[in-house]
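Below is one structure, written out as structure tokens; the observations come after it.
Order of the sequence lines sets the chain letters (A, B, ...), proteins ahead of strands, with each chain counted from 1.
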There are 2 protein chains.
Amino acid sequence: MLATMLADTATDWAAYARAVLVRAGHHRGAARERLIDLLARQNCALSAIEIEDALRRGRRGQRPVGRASIYRTLELLHAHDLVIRLDVGDGVARYEPAGPTSEHHHHHLLCDHCGRLVPFEDAALERSIEKLSDRLGFRTTDHEVTLRGDCPDCR
Amino acid sequence: MLATMLADTATDWAAYARAVLVRAGHHRGAARERLIDLLARQNCALSAIEIEDALRRGRRGQRPVGRASIYRTLELLHAHDLVIRLDVGDGVARYEPAGPTSEHHHHHLLCDHCGRLVPFEDAALERSIEKLSDRLGFRTTDHEVTLRGDCPDCR
DNA sequence: CAGAGAACGAGACCGAGTCTCACTCTTGTC
DNA sequence: GACAAGAGTGAGACTCGGTCTCGTTCTCTG
């Protein structure tokens, strides 16, 4: 049941992303299609290198996806707010689906031990960041919270 | 007056940092001394490259400071919690003084327009992050909040 | 179906950060 | 003070995410 929900969510995001790009006047292309499919299957951030590895070893017969196409597509998706770019401090950018039909806005815990990235969401945190912006007089468009510590598995 | 305060704070941090390193059994060395002096004069984050530029053009007669020494020293300072490593998402690590006698723990607003990094601190935010960790059952050692938006100058 | 131009892949290139190694300097000991 | 041990240092080669270029391939429109 959960799997079905996730699958549906994934399909929704992929369809939504494609619709946005087509409406913006973009052609379709093999690299883009496969990258969108890959991202749609994830539930947390994926680094460009992981994406490259996954798409480079294409299935038999498929043309491999070039590195340039991956970065180009990620940039395009990011420009249309279809993807969130995440920096955790290890010098590697990570990307995850975003937008109306994707999972909720969330943040991350980076485990000091195993290096795993654990997503979490918290309404109270969102509220207090909103109030914070008002208090400081900043007009903010986005924010990012990263906790460092021990993930549940490593405690 | 403010200048004097800042100067004192800077001196304090530099002295504190040196004391911590000596107590840990480290020798002194020209590169380290100059890097500590440089950091002590800053009030916000400095990238390794900016540090390298500043120290490479050493004053007449001084031996230039090598890149390896800079990264080594920054790593050492970080290991002793004398410095905070900050990642803003542009692929460049930034460092700023930290510890008992330095400025308070703070976070940053990254301006979408001018790219400036504006430090701020907020006790309510700290409290809500603390409560958040408890609520989620994470044991956190550190956290980082980055807001994106327009800085006061660019509004 | 043909042309325009968007999308693509290979690979050269860039630059922040790491590693190595021979040299220099600080520190403790006599 | 002289000295030895070994911590600290600088030059430069190297790594590896990420960018850029360019000739080719593919998609869409007419």
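With sequence neighbours left out, the side-chain contact (heavy atoms from CB on, under 4.5 Å) criterion links Glu130(B) to no other residue. With sequence neighbours excluded, the residues satisfying salt bridge (charged side-chain N to carboxylate O under 4.0 Å, His left out) with Glu144(A) are Arg148(B). Judged as a salt bridge (charged side-chain N to carboxylate O under 4.0 Å, His left out), and not counting sequence neighbours, the contacts of Arg94(B) are Asp90(B). Residues satisfying the salt bridge (charged side-chain N to carboxylate O under 4.0 Å, His left out) criterion with Arg127(B), sequence neighbours excluded, are absent altogether. Listed by chain and residue number, nothing satisfies the salt bridge (charged side-chain N to carboxylate O under 4.0 Å, His left out) test with Asp87(B) (two or more places apart in sequence, or in another chain). Here Glu75(B) pairs with nothing under the side-chain contact (heavy atoms from CB on, under 4.5 Å) rule; sequence neighbours left out.
By the 4.5 Å side-chain criterion applied to Ile, Leu, Val, Met, Phe, Trp and Tyr, Leu86(A) is assigned to a cluster that also includes Val88(A), Leu110(A), Leu117(A). Through direct or indirect side-chain contacts shorter than 4.5 Å among Ile, Leu, Val, Met, Phe, Trp and Tyr, Ile49(B) is connected to Tyr71(B). Taking Ile, Leu, Val, Met, Phe, Trp and Tyr as members and joining any whose side-chain heavy atoms lie under 4.5 Å apart, directly or through other members, the hydrophobic cluster of Leu125(A) also contains Leu109(A), Val118(A), Phe120(A), Ile129(A), Leu132(A), Leu136(A), Phe138(A), Val145(A), Leu147(A), Leu109(B), Val118(B), Phe120(B), Leu125(B), Ile129(B), Leu132(B), Leu136(B), Phe138(B), Val145(B), Leu147(B).
Glu75(B) places its CD atom 13 Å from the P atom of dT9(D), with the value rounded to the nearest Å. If you take OH of Tyr71(B) and P of dT9(D), they are 16 Å apart, rounded to a whole angstrom. Distance CD1 (Ile70(A)) to P (dG18(D)): 11 Å, rounded to an integer number of Å.
When DNA chain C is scanned in the 5' to 3' direction for atoms under 4.0 Å from non-hydrogen atoms of chain B, the outermost contacting nucleotides are dA16(C) to dT27(C).
Backbone-only contact: Gly91(B) has heavy atoms under 4.0 Å from sugar-phosphate atoms and none from a base. Within 4.0 Å (heavy atoms only), Arg32(B) reaches sugar-phosphate atoms of the nucleic acid but no base atom.
Each end of the helix from dC1(C)-dG30(D) to dC30(C)-dG1(D) gets its own axis, taken as the rotation carrying the C1' atoms of four end pairs onto the next four within a five-pair window, and the two axes meet at 30° to the nearest 10 degrees.
Mapping Ser69(A) and Ala93(B) onto DNA chain C by nearest heavy atom places Ser69(A) closer to the 5' end of the strand.
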Protein-to-nucleotide contact annotation, 5' to 3' order, nucleotides 21-30 of chain D [B base; S sugar-phosphate only; - none; under 4.0 Å, heavy atom]: ----S-BS--
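Smallest separation of non-hydrogen atoms from Glu96(A) and Cys44(A): OE1-C, 3.5 Å.
Between the side chain of Trp13(B) and the main chain of Pro97(B), no donor-acceptor pair closer than 3.5 Å is present.
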